[in-house]
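Since the structure comes first, as structure tokens, the remarks are kept for the end.
Counting starts at 1 for both ligands and their atoms, in listed order. If you're wondering where the values come from, they're calculated on a predicted model, not measured in any experiment.
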Amino acid sequence: MNEGTPRRKAGAQGRPDGRGHSSARATSVAPDGALASFRLDGRRALVTGASSGLGRRFAQVLDAAGARVAVVARRAARLEDLAADLHDAVVVTADLADPSAPGAVLDAVVEGLGGVDVLVNNAGTLVVGPAEDDTTFRDVVELNLHAPYELTRAAPDSPSRRVPLSVVNITSILARVGARSIPRPPTPPARAASSS
Ligand SMILES: NC(=O)c1ccc[n+]([C@@H]2O[C@H](COP(=O)([O-])OP(=O)(O)OC[C@H]3O[C@@H](n4cnc5c(N)ncnc54)[C@H](OP(=O)(O)O)[C@@H]3O)[C@@H](O)[C@H]2O)c1
């Protein structure tokens, strides 16, 4: 992990005046007119799981809408690659399955961005199998449940926050319905005999 040492990446079109940016990419997301009210200039956004997939795209869209973005995941090289295309992004490498990570991530993000206005709890994993491996079970609960809770709970409150915190939680339909029954391992003969 590399929490506590946020690194800023200045994109090709940095914002030296700190008052937001407008670029070709921003225009493609929020053109002048109908979508102008959706601009996020001056806002600070934290996106977990930004090294690939949906989180990477969320970070790009938030950046294009004018927010300064902190990108969080384990794969530092992928985050650095993403940050190189964003405006003055902050890279925080962390394993959010580590119970101490959310606090360290928030410390690093506040140091790098000065606060958090938009929190996107996107990092998550899907493990299908018997929940009898305690380490795997704990890691999934830490990443999918505890980390979003802790990031939301501990996100810095006013006066450091200039606007109410917006929280976006990315989840799965599998949080609500089972995909299929999961086969259990066969009962050992000794236990089967003693219980009959
Ligand atoms: N794509 C879908 O169809 C779909 C459907 C339902 C729900 N979702 C949910 O949407 C979210 C994003 O999914 P995706 O499809 O974009 O998946 P993905 O491409 O696998 O992205 C997952 C992200 O989470 C990060 N991550 C995983 N474990 C982590 C850990 N221990 N600590 C920190 N970061 C971690 C990964 O980065 P590193 O590996 O670099 O850490 C990666 O950036 C997930 O929560 C997923 O459950 C997606």
For this session: Would you give the length of the straight line joining atom CZ of R138 to atom OG1 of T135, rounded to the nearest 0.5 angstrom?
Result: 8.0 Å
Exercise. Would you call V71 and Q60 a side-chain contact if the rule is heavy atoms closer than 4.5 Å?
Worked result: no
Exercise. Tell me, do V140 and T125 make a side-chain contact under 4.5 Å, heavy atoms counted?
Worked result: yes
For this session: List for me each residue that meets side-chain contact (heavy atoms from CB on, under 4.5 Å) alongside R74, sequence neighbours excluded, and say none if there are none.
Result: D95
Exercise. Under a 4.0 Å heavy-atom cut-off, what residues line ligand 1?
Worked result: G49, A50, S51, S52, G53, L54, A73, R74, R75, A94, D95, L96, A97, N122, A123, G124, L143, I170, T171, S172
Exercise. Looking at CG of L46 and CG of N122, how far apart are the two atoms once the value is rounded to the nearest 0.5 Å?
Worked result: 11.0 Å
For this session: For L82 and A50, work out which heavy atoms get closest and say how close.
Result: CD2-O, 3.3 Å
